[in-house]
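In what follows, a structure is listed as structure tokens, so that the remarks can point back to it.
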There are 2 protein chains.
Amino acid sequence: MKQKVTLKQIAKELDVSISTVSKALKDSVEISKDTREKVKAFAKLYNYKPNNIALSLKNRKTKTIGVIIPEIVHHFFTTVIGGVEKVANAKGYNVIICSSNNSFDKEVINMEMLASGSADGFIISVAKETQQRKDYHHIEETMSQGMPVVLFDRIIDELVCDKVIIDDAKGAQKAVNHLVSKGCAKIAILSTVDYISVGKLRTTGYLRALRAHDIPEREEFILKIEDIEHCEEEIAAFLASNEFDAIFAVNELFAVTAAKILYARGKSIPNDVSLIGFTDGILSKHFIPSLTTISQHGEEMGERAAKLLIDKLEGDPLATEEYKTVIIDTSLVERQSTKK
Amino acid sequence: MKQKVTLKQIAKELDVSISTVSKALKDSVEISKDTREKVKAFAKLYNYKPNNIALSLKNRKTKTIGVIIPEIVHHFFTTVIGGVEKVANAKGYNVIICSSNNSFDKEVINMEMLASGSADGFIISVAKETQQRKDYHHIEETMSQGMPVVLFDRIIDELVCDKVIIDDAKGAQKAVNHLVSKGCAKIAILSTVDYISVGKLRTTGYLRALRAHDIPEREEFILKIEDIEHCEEEIAAFLASNEFDAIFAVNELFAVTAAKILYARGKSIPNDVSLIGFTDGILSKHFIPSLTTISQHGEEMGERAAKLLIDKLEGDPLATEEYKTVIIDTSLVERQSTKK
DNA sequence: TTTCCACACGCAAACGTTTGCGTTGACCCT
DNA sequence: AGGGTCAACGCAAACGTTTGCGTGTGGAAA
């Protein structure tokens with residue numbers, strides 16, 4: 001078990017000083033060509049790699065980006081991470097991913113952990129609990145210590161920082177417009193409770209689209225689901241309560257759950273009921289029928305977020321005291337679950 | 001922008017030495033009660049948090065586990081990560097996740113990066129390319145430097161280290177047995193090319209089950225798919241070439257793709273053809289009909305892997321020179337895609 | 001008054017780097 | 001021979017911790 005070789009060991013072995021070794025490896029003109037080559041050969045032989053920890057300590061930066069997401073087992077978030085990694089790696093940054101599991105406490109712990117030396121900046125989508133409690137002290141504290149933060153997807157309006165979002169309302173509007181253009185009029189929405197920002201916004205877009213087409217909005221056509229784990233019962237009861245010719249679901253799970261219930265009642269999609277989802281994930285693509293959906297372009301979100309963060313990280317700290325909110329365009333992916 | 005406060009600053013402010021501050025915060029009896037309380041109050045006020053980087057450098061350990069997986073956008077791997085995080089966090093470890101994107105080079109880079117100071121040990125499922133090239137020098141090197149490695153799922157037999165796997169062959173056998181018990185005899189397998197270890201093993205299990213039931217194995221009933229991205233054409237041609245009464249797919253994607261093709265040809269699942277998959281993911285659960293499948297218990301794999309690694313990390317380095325291979329039991333999750 | 005012992009604290013080294021500056025020694029010029 | 005120059009290298013500080021050991025002060029016992 002050969003331990004990692006350090007500058008000190010090389011220096012001792014070659015009978016020179018540590019600084020000579022360090023300079024030789026950096027091709028400093030201060031060191032003679034002879035020595036430089038000798039040192040380099042030796043370093044190669046022993047597979048010398050500078051110790052990142054020591055470098056971080058010295059440089060006061062880690063060259064790593066901390067990403068905190070509510071759930072790791074979630075297709076949308078992982079695509080975002082993919083985007084973050086892509087640009088981060090290209091710029092020489094590493095990416096550390098932590099999941100908060102939608103727990104406020106774990107979000108705080110992870111954040112403090114990463115903030116105390118492990119990351120230079122953060123890309124975050126906040127936990128459900130955090131949105132509920134409206135307690136953002138951990139994020140504010142991190143920012144006040146000079147570490148940039150970029151929020152995405154589930155953002156917090158009150159926080160002054162860079163943000164990457166989609167126009168949820170507009171996306172929802174697109175979805176409903178599409179349904180209307182296919183002749184649907186009795187359009188239901190399967191949404192979440194209002195404290196989830198995206199659920200609220202998508203409901204807003206739904207209502208806006210209805211108004212734009214002079215379709216009366218009806219309270220009974222709106223379902224706000226609290227307990228996502230047990231959404232099936234809620235959706236079943238809701239769908240039994242009224243006749244709909246179209247359903248707009250704010251996520252994949254609600255969409256396929258609705259589909260299941262409709263099938264069980266002998267309905268056909270899209271002939272009897274059109275169905276449209278939000279988030280273009282695995283389910284939408286492979287479901288039968290494949291689901292028309294609003295794509296959030298997760299990877300692009302990740303890329304933009306990483307770019308924003310790195311700009312802040314590398315920019316002149318004084319000149320960059322302005323914050324941007326990037327809005328990624330959603331797009332309608334038309335598939336088989338809506339009428340032609 | 002108040003910068004992070006260090007021991008030095010507290011010391012200066014309180015006009016004591018750095019060591020006094022450090023000891024006071026650790027409740028050392030060396031320091032008078034007065035001073036201890038003063039220091040602690042000050043530290044709380046300024047929200048002092050020890051710098052992890054400095055600690056890592058001093059202690060020569062980082063208390064973080066590096067996880068390297070082939071794809072981040074993959075349900076099975078993320079469930080494994082969930083398990084790893086669960087036990088790692090419970091034991092005070094952090095988890096850094098990097099994806100190799102199935103690229104050998106990126107796997108090496110990530111590994112070297114994490115090995116040079118960022119992680120104490122590794123949990124890895126190797127990239128497809130790595131399995132092809134059979135080049136494991138990066139892993140061997142890391143181990144020879146004294147950093148423990150735990151391999152899971154896509155493991156490497158030649159490497160001497162801890163491993164967590166499922167009995168792929170046995171799992172496949174379970175699947176085929178189930179099909180046979182439901183009266184199926186013309187059973188096809190949708191597998192991957194042989195250099196993917198799990199594909200090969202599952203094929204082995206398939207053959208073993210057939211033999212055990214005296215069902216002749218037929219070359220034409222086996223499809224080995226090379227290009228996963230474009231599996232649809234291959235599967236379509238394969239399914240047209242013969243009549244099957246059951247299909248065993250080694251992953252979810254192959255299963256739902258087959259289902260799609262069968263539907264398009266007017267076949268019913270499970271009445272005309274029974275379908276069984278591998279990996280109990282989102283798709284299997286929400287597909288219509290929901291898919292009978294072999295669950296790999298990803299979360300448990302992650303938990304076991306993390307436990308093995310932490311044992312090595314914290315154990316007496318001499319006494320732990322033995323390596324275990326943990327085999328997680330697979331289980332059959334019976335749903336609607338196979339006959340009752 | 002001297003001696004001794006706690007108590008309370010500071011010094012300094014160590015972890016592995018980087019880098020400005022000081023220090024050698026050889027050689028050349030006058 | 002003395003002074004100067006320059007190439008080649010080492011010293012030391014710094015990043016933020018921890019910790020063994022040394023040290024100074026005070027009071028009490030003899």
Side-chain angles (χ1 to χ4, degrees), chain A residues 3-40 42-43 46-64 112-113 115-120 145-147, chain B residues 3-40 42-43 46-64 112-113 115-120 145-147:
Chain A
Q3 277 297 330
K4 290 199 71 66
V5 50
T6 69
L7 288 185
K8 191 193 264 188
Q9 289 162 34
I10 300 184
K12 195 169 163 191
E13 212 71 28
L14 258 41
D15 211 43
V16 293
S17 79
I18 297 180
S19 32
T20 302
V21 177
S22 175
K23 286 170 185 167
L25 289 175
K26 312 200 95 105
D27 256 328
S28 160
V29 288
E30 274 190 77
I31 309 298
S32 73
K33 211 176 166 199
D34 262 23
T35 315
R36 267 184 299 186
E37 281 166 1
K38 206 165 43 176
V39 170
K40 283 193 192 167
F42 198 89
Y46 280 82
N47 194 27
Y48 169 76
K49 296 263 161 45
N51 181 310
N52 281 327
I53 297 272
L55 284 180
S56 298
L57 185 59
K58 182 121 190 53
N59 302 331
R60 290 135 138 312
K61 58 172 101 170
T62 61
K63 275 272 183 179
T64 77
E112 289 185 344
M113 150 75 206
S116 59
S118 303
D120 296 337
Q145 287 175 355
M147 317 181 72
Chain B
Q3 276 297 331
K4 292 200 69 68
V5 51
T6 70
L7 288 184
K8 192 193 260 187
Q9 290 162 34
I10 300 183
K12 195 168 162 191
E13 212 72 26
L14 258 39
D15 211 42
V16 292
S17 78
I18 296 180
S19 32
T20 302
V21 177
S22 175
K23 286 170 185 169
L25 289 175
K26 312 197 95 99
D27 257 326
S28 161
V29 289
E30 274 189 76
I31 308 298
S32 73
K33 209 173 167 201
D34 261 25
T35 314
R36 268 185 298 188
E37 280 167 0
K38 206 166 43 175
V39 170
K40 284 194 191 168
F42 199 89
Y46 281 82
N47 194 28
Y48 169 76
K49 295 263 161 45
N51 181 311
N52 282 327
I53 297 272
L55 285 181
S56 299
L57 186 58
K58 182 122 193 46
N59 301 332
R60 291 137 139 308
K61 59 172 106 168
T62 61
K63 275 272 184 179
T64 79
E112 289 185 344
M113 150 76 206
S116 59
S118 303
D120 296 337
Q145 287 174 356
M147 317 181 72

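Residue numbers begin at 1 in each chain, while the letters A, B, ... track the order of the sequences.
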Treating A/Asn59 as the side-chain partner and A/Lys61 as the backbone partner, does any N or O pair qualify as donor plus acceptor under 3.5 Å? no

How many Å lie between NZ on B/Lys49 and C1' on D/dT18, as a whole number? 20 Å

Whole angstrom is fine here: how far is it from CD1 in A/Ile10 over to P in C/dG16? 12 Å

A/Leu7 CG - D/dA14 P separation (whole Å): 20 Å

Expressed as a whole number of angstroms, how long is the span from A/Lys61:NZ to D/dA14:C1'? 16 Å

Name every residue in residues 21-31 of chain A that has at least one heavy atom under 4.0 Å from any atom of DNA chain D, in order of residue number, or write none if there are no such residues. A/Lys23, A/Glu30, A/Ile31

Is the phosphate of C/dG16 approached by B/Arg60 (side-chain N or O, under 4.0 Å from OP1 or OP2)? yes

Would you call B/Arg36 and B/Lys33 a side-chain contact if the rule is heavy atoms closer than 4.5 Å? yes

State which residue, out of A/Val5, A/Thr6, A/Ile10, fulfils the side chain to side chain contact (heavy atoms under 4.5 Å, CB included) condition with A/Lys8. A/Thr6

Between P of D/dT17 and CG of A/Leu57, the distance in whole Å: 9 Å

To the nearest angstrom, how far is A/Arg36 atom CZ from D/dA7 atom C1'? 12 Å

Does A/Ser32 have a side-chain nitrogen or oxygen under 4.0 Å from the phosphate oxygens OP1 or OP2 of D/dC9? yes

Euclidean distance, B/Ile18 CD1 relative to B/Gln9 CD, rounded to 0.5 Å: 10.0 Å

Closest nucleotide among D/dC9, D/dG16, C/dT17 to the A/Thr6 side chain: C/dT17

Pair A/Ile53-B/Thr62, side-chain contact (heavy atoms from CB on, under 4.5 Å): steps then yes or no: CA-CA 9 Å; A/Ile53 297 272; B/Thr62 61; 4.0 Å; yes

If you compare every side-chain N and O of A/Lys8 against the phosphate oxygens of C/dC15 (OP1, OP2), does one of them come in below 4.0 Å? yes

Presence of A/Ser19 side-chain N/O under 4.0 Å of C/dT18 phosphate oxygens OP1/OP2: no

Atom pair CE (B/Met113) and NZ (A/Lys63), whose distance is rounded to the nearest 0.5 Å: 11.0 Å

For A/Thr35, answer base if it contacts any base atom (sugar-phosphate contacts may also be present), sugar-phosphate if it contacts only those atoms, and nothing otherwise; contact means non-hydrogen atoms under 4.0 Å. sugar-phosphate

Interatomic distance where CG belongs to B/Leu14 and C1' belongs to C/dC9 [whole Å]: 14 Å

Name the closest nucleotide to the B/Ile18 side chain, picking from D/dT18, D/dG16, C/dT17. D/dT18

Rounded to the nearest 0.5 Å, how far does CD of B/Glu13 lie from OH of B/Tyr46? 5.5 Å

Both B/Lys33 and A/Leu55 contact DNA chain C. Which one's nearest nucleotide lies toward the 5' end? B/Lys33

Can you tell me the distance, in whole Å, between the NZ atom of B/Lys38 and the C1' atom of C/dC9? 12 Å

